[in-house]
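Data block below; observations after.
Naming convention: chains lettered A, B, ... in sequence-line order (proteins, then strands); numbering from 1 in each chain.
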Protein chains: 2
Amino acid sequence: MEEHKSNPSFKPIATRKIYQYILEQFVHLVSTGVLKPGDKIPSERELAESFKVSRPSVREALRVLEIIGLIDIQPGGGAYLKEMELGPFISVVAPLMFSRDRFDLELLEFRELIEIRAIELLPNPLSAEALEPMGRAIGEMRRALLDNDVEAGALADIQFHRSLLLASNSFILQKVLELVVSLFEHAVRGGRSVVLEKQEDAAQLLHDHERIYQELADGNTDHAKKLLSSHLAMVKNLART
Amino acid sequence: MEEHKSNPSFKPIATRKIYQYILEQFVHLVSTGVLKPGDKIPSERELAESFKVSRPSVREALRVLEIIGLIDIQPGGGAYLKEMELGPFISVVAPLMFSRDRFDLELLEFRELIEIRAIELLPNPLSAEALEPMGRAIGEMRRALLDNDVEAGALADIQFHRSLLLASNSFILQKVLELVVSLFEHAVRGGRSVVLEKQEDAAQLLHDHERIYQELADGNTDHAKKLLSSHLAMVKNLART
DNA sequence: CTATAGTAACTGGTATTACCAGTTGACAGG
DNA sequence: CCTGTCAACTGGTAATACCAGTTACTATAG
């Protein structure tokens with residue numbers, strides 16, 4: 001282990017790959033607003049010619065942009081920019097996360113921390129546009145309960161919480177919670193239901209959601225916060241069994 | 001906009017790309033523990049032959065693994081698995097984040113939320129191994145203060161908080177905070193110092209760290225928590241100006 | 001024998017070319 | 001006007017080649 005003389009005069013030379021340069025230019029164009037969501041990206045062949053590089057290099061850059069969730073690639077169609085979306089990234093990483101012990105419980109605790117903060121930041125009164133998706137999620141959950149469709153119920157549950165956070169004004173909180181919620185969603189779709197299968201538990205969930213919705217609609221943010229807190233605590237207890 | 005008839009009987013056919021299959025197999029091998037950090041990954045040519053696909057396809061999968069921070073690729077050497085590391089991902093995404101208004105402030109607020117929770121979860125008493133890196137970060141910060149080295153000071157600050165979170169026992173909190181701290185680090189290295197340049201402010205930071213460290217060493221977690229809270233509030237106020 | 005330099009066999013990085021499959025739009029024929 | 005066909009795109013994949021860097025072995029000079 002004597003190789004690292006670490007002569008302070010000489011720093012290792014960082015070699016950058018060319019896909020990183022392409023990536024850099026793209027990100028710069030997006031962050032400066034030159035490229036906006038919905039814009040169509042030139043074809044791979046055009047890009048290769050513009051950058052004076054080969055098509056594989058362009059493809060590697062696009063691959064990364066795809067995983068980051070910054071572009072949407074349609075085979076035969078083209079590539080389009082979109083609002084950054086953490087879904088694709090999550091779907092790759094999720095299995096690595098859930099292989100850990102007690103990850104489900106930790107995730108719930110973390111979600112509690114974030115979600116309560118999100119509700120504190122909700123504007124008061126809540127706009128009708130913010131309330132609408134929450135109401136829709138509740139309706140969906142009610143239907144799922146009647147049909148005894150466990151997975152649909154769980155997804156509706158997630159949708160409710162997602163619409164809650166979308167109403168908050170913190171960009172970071174939205175992104176982080178989006179990440180957490182995506183993890184839950186991934187777990188549910190993968191069949192590892194972190195959720196409740198018993199009918200009465202699902203009914204309780206629905207009931208909680210309805211009450212939270214009502215309090216928010218009435219402008220009682222404090223009440224809603226307390227309800228959400230106990231709601232998540234209940235879920236946590238159920239999951240622990 | 002009438003194209004989406006959304007006939008419930010027919011679901012769109014999802015076509016998966018072959019790099020996703022390769023990715024899936026890799027992630028599965030890692031999450032089941034067959035592949036462990038430090039293991040060497042076969043060469044691209046071997047993999048291509050094993051998977052019966054072309055080398056570009058293998059490369060695209062490896063590219064993604066590299067961005068996720070799951071492997072380390074040495075040109076001319078080979079690829080090695082490592083503990084997942086969010087750094088590469090952050091360095092791509094960071095510019096997109098910091099292009100938003102008031103992101104710095106939001107980041108501080110979010111960090112406050114997370115970090116206080118992390119200190120609540122600290123084991124009590126704190127082990128010497130957990131305290132040691134914190135002490136080292138304080139020493140580094142003291143040196144930077146004397147040398148009037150702003151960037152080194154900021155990085156030492158980050159190092160202190162990073163070592164704090166590493167002592168907590170929550171895997172998620174560690175990962176999320178690691179992500180946040182990486183964002184700060186990226187900002188500092190990029191010259192967009194979210195930090196303080198005035199000598200007396202830096203001295204105050206150092207003083208706060210020393211007190212927090214002392215309280216933690218003495219086992220007074222509650223005191224440390226209060227100190228951290230006011231410490232971060234102070235930083236936030238300074239950043240607001 | 002040892003240490004050096006040289007060399008051959010790797011590795012990943014990039015480029016080139018080609019073909020396939022899916023999409024799109026124009027255009028001709030009903 | 002609708003419809004089916006076809007040509008010109010698009011991205012997905014493959015095969016091949018060459019470059020540059022790493023590594024380890026080897027032969028040579030001391």
Side-chain angles (χ1 to χ4, degrees), chain A residues 1-5 10-26 35 38-82 88 92, chain B residues 1-5 10-26 35 38-82 88 92:
Chain A
M1 279 300 188
E2 204 61 27
E3 324 83 319
H4 292 298
K5 293 287 181 55
F10 297 113
K11 295 177 187 173
I13 297 173
T15 66
R16 304 187 57 198
K17 305 170 192 172
I18 105 171
Y19 86 89
Q20 290 175 321
Y21 287 103
I22 302 178
L23 213 50
E24 198 173 86
Q25 289 199 38
F26 260 106
L35 289 177
D39 286 359
K40 183 183 172 73
I41 293 179
S43 77
E44 298 180 352
R45 290 170 178 84
E46 285 181 53
L47 287 175
E49 195 174 352
S50 303
F51 286 120
K52 298 291 178 194
V53 297
S54 72
R55 212 179 131 207
S57 295
V58 172
R59 279 183 65 79
E60 291 189 4
L62 293 184
R63 193 87 304 138
V64 175
L65 289 176
E66 186 185 26
I67 287 294
I68 288 176
L70 206 63
I71 64 174
D72 216 18
I73 301 181
Q74 300 166 4
Y80 295 83
L81 260 108
K82 61 176 177 182
V92 176
Chain B
M1 280 302 189
E2 203 63 28
E3 322 83 321
H4 292 300
K5 293 287 182 55
F10 297 115
K11 296 176 186 173
I13 296 173
T15 67
R16 303 188 58 197
K17 305 170 192 172
I18 107 172
Y19 88 88
Q20 291 176 320
Y21 287 102
I22 302 178
L23 213 50
E24 198 173 88
Q25 288 198 39
F26 261 106
L35 288 176
D39 287 359
K40 182 183 173 75
I41 293 179
S43 78
E44 297 179 352
R45 290 170 178 83
E46 286 181 53
L47 287 175
E49 195 174 352
S50 303
F51 285 121
K52 296 292 179 193
V53 297
S54 73
R55 213 180 129 207
S57 294
V58 172
R59 279 183 65 79
E60 291 188 5
L62 292 184
R63 192 87 305 139
V64 174
L65 289 176
E66 187 186 26
I67 287 294
I68 289 178
L70 206 62
I71 65 174
D72 216 17
I73 301 180
Q74 301 166 2
Y80 295 84
L81 261 109
K82 62 176 177 181
V92 175

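- Residues B:Val92 and B:Ile67 come closest through the heavy atom pair CG2-CD1, 4.2 Å.
- Every residue two or more places apart in sequence or in another chain was checked for a side-chain hydrogen bond (donor to acceptor under 3.5 Å, both in side chains) with B:Gln20, and none qualifies.
- When each of B:Ala79 and A:Pro75 is assigned the nucleotide of DNA chain C bearing its nearest heavy atom, the one mapping closer to the 5' terminus is B:Ala79.
- Positionally, the nearest nucleotide of DNA chain C for A:Arg55 lies more toward the 5' end than for the other of A:Arg55 and A:Gln74.
- Annotation: salt bridge (Lys or Arg N to Asp or Glu O under 4.0 Å) contacts of A:Arg45 (sequence neighbours excluded): none.
- Every side-chain contact (heavy atoms from CB on, under 4.5 Å) that B:Pro42 has, sequence neighbours left out, goes to B:Glu46, B:Leu47.
- Residues that satisfy the side-chain contact (heavy atoms from CB on, under 4.5 Å) test with A:Ser54, not counting sequence neighbours, are A:Pro56, A:Ser57.
- Of the residues in residues 41-54 of chain A, those lying under 4.0 Å from DNA chain C by heavy-atom distance are A:Arg45, A:Val53, A:Ser54.
- Note that the first and last nucleotides of DNA chain D, 5' to 3', having any atom under 4.0 angstrom from a heavy atom of chain A are D:dT10 to D:dT13.
- Inter-residue side-chain proximity for B:Ile41 and B:Phe26 is flagged as met; some heavy-atom pair is nearer than 4.5 Å.
- Counting only residues at least two apart or on different chains, the salt bridge (Lys or Arg N to Asp or Glu O under 4.0 Å) pairs with a member in residues 65-76 of chain A are A:Arg63-A:Glu66, A:Glu66-B:Lys17, A:Asp72-A:Lys82.
- For residues 57-69 of chain B, proximity to DNA chain D is found at B:Ser57, defined as any non-hydrogen atom under 4.0 angstrom from a strand atom.
- Against DNA chain D, the stretch residues 16-26 of chain B makes heavy-atom approaches under 4.0 Å through B:Lys17, B:Ile18.
- Within the model, atoms CD1 of A:Ile71 and CG of A:Leu65 stand 4.5 Å from one another, a figure rounded to the nearest 0.5 Å.
- In terms of the side-chain hydrogen bond (donor to acceptor under 3.5 Å, both in side chains) criterion, residue partners of B:Tyr80 (sequence neighbours excluded) are, by chain and number, B:Lys40.
- With values rounded to the nearest 0.5 angstrom, A:Leu23 atom CG is found 12.0 Å from A:Ile18 atom CD1.
- For the salt bridge (Lys or Arg N to Asp or Glu O under 4.0 Å) test, no residue two or more places apart in sequence or in another chain qualifies with B:Glu49.
- Between B:Gly69 and B:Pro88, the shortest heavy-atom contact is CA-CG, 4.1 Å.
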